[in-house]
Asker: 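Structure below; questions to follow.
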Amino acid sequence: MTRGTVVAIDQGTTSTRAIRMDGFGHIQHKSTRDLACMYPHAAWVEQDPEDIWQSALAVLSDVVQDDTLAIGIANQRETIVVWDRKTGVPIYNAIVWQDRRTAALCLSLVNEGAEAGVRSKTGLLIDPYFSASKLAWILDHVAGARERAARGELAAGTIDSFLLWRLTGGTVHATDATNAARTMLYDITTHSWDMDLLHLFDIPAALLPSVRDNCHLFGETSPEVLARRLPITGMAGDQQAAMIGQCCFARGTIKSTYGTGCFMLANVGASPVISKARLLSTPIYKIGAEKAYAIEGSIFSAGATISWLRDRLGLISSAADTEALAAEAPADHGIHLIPAFVGLGAPYWRPDARASIIGLTFDTDRATLVRAALEAVAFQTTDLLSAMMDDSLANVGSVRIDGGVSTNNWFAQFLSNMLNMDVERPEDHDSTAIGAAFLAGLTIGLWSGFADLEAMWHRSASFSPQLSPDERQARLAGWNLAVRQTLTTPVGALSAA
Ligand SMILES: Nc1ncnc2c1ncn2[C@@H]1O[C@H](COP(=O)(O)OP(=O)(O)O)[C@@H](O)[C@H]1O
Ligand SMILES: O=P(O)(O)OC[C@H](O)CO
């Protein structure tokens, strides 16, 4: 094993983090910067690309040291930026994956019968979640953007691509296969941009980055950015990076990451499987001839609901308060919080739905609301697991969890109760950053293969189901009823913009 360290950036929706890891997989240092979202209209979500860049540069500078050999990048997926190739200045804010402004466009494509074709190539369902319609929106709504794109003056990319451009001083415009797969413009079987899809969304091919393997020498940091020239040798979308960090390399292994949203991925092997249960099909990695795919369930509001309780309602002063509050609330409270703040994702795919709280009485207190919010994350995960079971992934023994919300012991136990399955938590919940570090280290030979990575994964806590089957069924029935009620009374008007 080589001496030295790798560093990895995890550019998430709520925060940007970086870690420094040695060859034994020990995390030597971490750095974090919080990141703000802007909500200019109902169900619009934007971020300032300069904030994203500055936060990434700051955490990277905090963790790099003399023995650092390489950099890995993992990032919130789908979020799209368009920038000027000469100046590197974005022409509009980053439109975040949660943003629903293109719901009407997506609905019209579904009504025109485009979904089956899109699905068979991309593994995705037509939904505003993915980058293609957001990119089309920027080209259509920013003055002069289409003309500038036609003249080759603009570049587009997901956050990995934008950070890579900035880190390399504007010399490399590339992305990796897992991020490309979330644009809805990429064929996940042939691993190439698809001309029909570019035509469907009216996106000029010249805007898009080159697509590379997850382990690749993407470029080197510019001396104007970092004091030392360092190679960027690993990149992946954050959920795929978490699969790597959680060592879900075997077919049937599952992880669920609880950050701003929640994303449950099950490894289905070397070929994509199209879900019968409205889940997504997505690459986990492409490293030379080696490929693996997952079935993915995506939930749009997990930790975001907890942040809403803190930042908008002021019910808690820190996310960590939710653990003790949930424990003190009565189990039979009868409240359901359906967190459809930006619609519901898998398996419902209803961008028009809006959040609701059902069952309030005068004795509903803040502990109960907090508990209902955490319960909703677990109920939604249960919906995803049931959908995976429908896709014949029934031989699963346990689920590995990570991300901010996974540190909450009350939540982890409730999740195990609802899934009726063991839930395992690794020593460090930053599996996304760990996965990006693993990819970067594999490329430079710090580790020789997945077996080396598996030897470094350690479980620190495990939660087993503790609820009677009747009680569990009653809880799930209550949740299902509340979801049906929310979906049959849509209150969210689609944005007219
Ligand atoms: N102990 C906790 N209990 C519940 N939620 C938590 C806890 N700690 C953090 N969170 C939530 O987790 C989210 C942050 O997780 P993180 O993995 O950093 O997200 P991201 O990668 O999306 O930036 C926040 O939305 C926060 O509200
Ligand atoms: O910000 P996160 O960590 O919840 O991840 C966002 C996802 O990548 C969106 O697909």
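Order of appearance sets the numbers: ligands from 1, and atoms from 1 within every ligand.
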Asker: Just need the protein heavy atom nearest to atom 24 (C) of ligand 1, so name the residue and atom and give the distance.
Answerer: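 It is Ser307 OG, 3.7 Å.
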Asker: Does a side-chain N-to-carboxylate-O contact under 4.0 Å join Lys30 and Asp430?
Answerer: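 Judged by the 4.0 Å cut-off on N to carboxylate O distance, Lys30 and Asp430 do form a salt bridge.
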Asker: Answer yes or no: does an N/O atom from Ser15 fall short of 3.5 Å to an N/O atom of ligand 1?
Answerer: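 The answer is yes, given that Ser15 and ligand 1 share an N or O pair closer than 3.5 Å.
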Asker: Using a strict cut-off of less than 4.0 Å between a Lys/Arg side-chain nitrogen and an Asp/Glu carboxylate oxygen, indicate whether Lys291 and Asp213 qualify as a salt bridge.
Answerer: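 Salt bridge: no.
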Asker: Distance under 4.0 Å to a non-hydrogen atom of Glu78: what atoms of ligand 2 satisfy this?
Answerer: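 It comes down to these atoms of ligand 2: 9 (C), 10 (O).
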Asker: Determine, for Glu46 against Arg101, whether the closest basic-nitrogen to carboxylate-oxygen distance falls under 4.0 angstrom.
Answerer: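 A salt bridge links Glu46 with Arg101.
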Asker: In terms of atom number and element, which parts of ligand 1 are under 4.0 angstrom from non-hydrogen atoms of Ala320?
Answerer: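 Answer for ligand 1: 1 (N).
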Asker: What part of Thr322 sits under 4.0 Å from ligand 1 if we count only heavy atoms: the side chain, the backbone, both or neither?
Answerer: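 Answer for Thr322: side chain.
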Asker: So, is Thr14 polar-close to ligand 2, with some N/O to N/O distance under 3.5 Å?
Answerer: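 By distance alone, the answer is no.
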Asker: Going by the atom numbers of ligand 1, which of them fall below 4.0 Å from some non-hydrogen atom of Ile306?
Answerer: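 Numbered from 1, ligand 1 contributes 5 (N), 27 (O).
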Asker: Of all the atoms in ligand 1, which lie at a distance below 4.0 Å from a heavy atom belonging to Gly12?
Answerer: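 Listed by number with element: 21 (O), 23 (O).
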Asker: Between ligand 2 and Gly237, can you find any atom pair, the residue atom being a heavy atom, that is separated by under 4.0 Å?
Answerer: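 For ligand 2, residue contact (heavy atoms, under 4.0 Å) with Gly237 is absent.
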Asker: Do the ring centers of Tyr129 and Phe300 come within less than 6.0 Å of each other?
Answerer: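 Yes: the rings meet the under 6.0 Å criterion.
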Asker: Can you report which non-hydrogen protein atom sits closest to atom 20 (P) of ligand 1, along with the distance?
Answerer: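 Checking every protein heavy atom, the shortest distance to atom 20 (P) of ligand 1 gives Thr260 OG1, 3.7 Å.
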Asker: With the threshold set at 4.0 Å, does a side-chain nitrogen-carboxylate oxygen contact exist between Asp127 and Arg100?
Answerer: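 So Asp127 pairs with Arg100 through a salt bridge.
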Asker: Can you pull out the closest protein heavy atom to atom 6 (C) of ligand 1? Residue, atom name and distance to 0.1 Å, please.
Answerer: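 Minimum-distance protein heavy atom for atom 6 (C) of ligand 1 reads Ala319 CB, 3.6 Å.
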Asker: Does a salt bridge link Asp194 with Lys121, judged by any charged N lying under 4.0 Å from a carboxylate O?
Answerer: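 Here Asp194 pairs with Lys121 in a salt bridge, since their nearest N and O are under 4.0 Å apart.
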Asker: Look at the aromatic rings of Trp137 and Trp44 and report parallel, tilted or perpendicular, splitting at 30° and 60°.
Answerer: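 Rings of Trp137 and Trp44: perpendicular, over 60°.
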Asker: Below 4.0 Å, non-hydrogen atoms only: which portion of Thr14 touches ligand 1? Side chain, backbone, both or neither.
Answerer: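 Both the backbone and the side chain of Thr14 come within reach of ligand 1.
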Asker: Quick check on Gln28: does its CD atom have over 12 non-hydrogen neighbours (other residues, nucleotides or ligands) under 6.0 Å away?
Answerer: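 Correct, the count exceeds 12.
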Asker: In terms of atom number and element, which parts of ligand 2 are under 4.0 angstrom from non-hydrogen atoms of Tyr129?
Answerer: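 Selected atoms, number and element: 9 (C), 10 (O).
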Asker: Distance to 0.1 Å, residue and atom name: give those for the protein heavy atom nearest to atom 18 (O) of ligand 1.
Answerer: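 That would be Arg17 NH1, 2.7 Å.
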Asker: Heavy-atom distance to atom 9 (C) of ligand 1: which of Gly404, Gly259, Ala74 wins?
Answerer: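 Of the listed residues, Gly404 has the closest heavy atom.
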Asker: For ligand 1, which part of Ala302 has a heavy atom less than 4.0 Å away: the side chain, the backbone, both, or neither?
Answerer: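 The answer is neither.
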Asker: Just jot down the ligand 2 atoms closer than 4.0 angstrom to any heavy atom of Gln76, in number order.
Answerer: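 In order of number, 8 (O).
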Asker: Run the salt-bridge test on Glu290 and Lys286 with the 4.0 Å N-O cut-off and return the result as yes or no.
Answerer: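 No, this pair does not count.
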Asker: Measure the distance from atom 1 (O) of ligand 2 to every protein heavy atom, then report the residue, atom name and distance (to 0.1 Å) of the closest one.
Answerer: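 For atom 1 (O) of ligand 2, the nearest protein heavy atom comes out as Thr13 OG1, 2.4 Å.
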Asker: Applying salt bridge (Lys or Arg N to Asp or Glu O under 4.0 Å) to Arg166 and Glu50, what does each step give before you reach the verdict?
Answerer: CA-CA 10 Å; Arg166 288 281 175 103; Glu50 296 300 345; 2.9 Å; yes
Asker: Any donor-acceptor pair under 3.5 Å linking the side chain of Asn214 with the backbone of Met235?
Answerer: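 Yes: the side chain of Asn214 pairs with the backbone of Met235.
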Asker: Go through ligand 1 atom by atom and flag the ones less than 4.0 Å from a non-hydrogen atom of Thr13.
Answerer: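 This gives 22 (O), 23 (O) as the contact atoms.
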Asker: Closer than 4.0 Å to some heavy atom of Gly403 - which atoms of ligand 1 meet that?
Answerer: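 Under 4.0 Å from Gly403, ligand 1 has these atoms: 17 (O).
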Asker: Heavy-atom distance under 4.5 Å between the side chains of Trp193 and Val211, does that happen here?
Answerer: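 Trp193 reaches Val211 side chain to side chain.
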Asker: Report yes if the distance between the aromatic ring centroids of Tyr258 and Phe411 is under 6.0 Å, otherwise no.
Answerer: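 Close enough - the centres of the two rings lie under 6.0 Å apart.
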Asker: Have a look at Asp238, Thr257, Ile299, Leu35 and point out the one with the heavy atom closest to atom 8 (O) of ligand 2.
Answerer: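 Checking each option, the heavy atom nearest atom 8 (O) of ligand 2 is found in Asp238.
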Asker: Looking only at distances, please establish whether an N/O atom of ligand 2 is found under 3.5 Å from an N/O atom of Trp97.
Answerer: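 Such a contact does not occur with ligand 2.
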Asker: Does the gap between the ring centers of Trp83 and Phe162 come in under 6.0 Å?
Answerer: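 That pair passes the under 6.0 Å test.
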Asker: Can you confirm, on distance only, whether ligand 2 has an N/O atom lying under 3.5 Å from any N/O atom belonging to Gly261?
Answerer: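 Yes; at least one N/O pair falls below 3.5 Å.
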Asker: Between Glu296 and Arg77, is there a salt bridge with N-O shorter than 4.0 Å?
Answerer: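 Between Glu296 and Arg77 there is a salt bridge, with a charged N closer than 4.0 Å to a carboxylate O.
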Asker: Should the proximity of Gln239 to ligand 2, defined as any heavy atom under 4.0 Å, be assigned to the side chain, the backbone, both, or neither?
Answerer: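 Only the side chain of Gln239 comes within reach of ligand 2.
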Asker: At less than 4.0 angstrom from any non-hydrogen atom of Ala304, what atoms of ligand 1 do you find?
Answerer: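 Ligand 1 atoms under the 4.0 Å threshold to Ala304: 25 (O).
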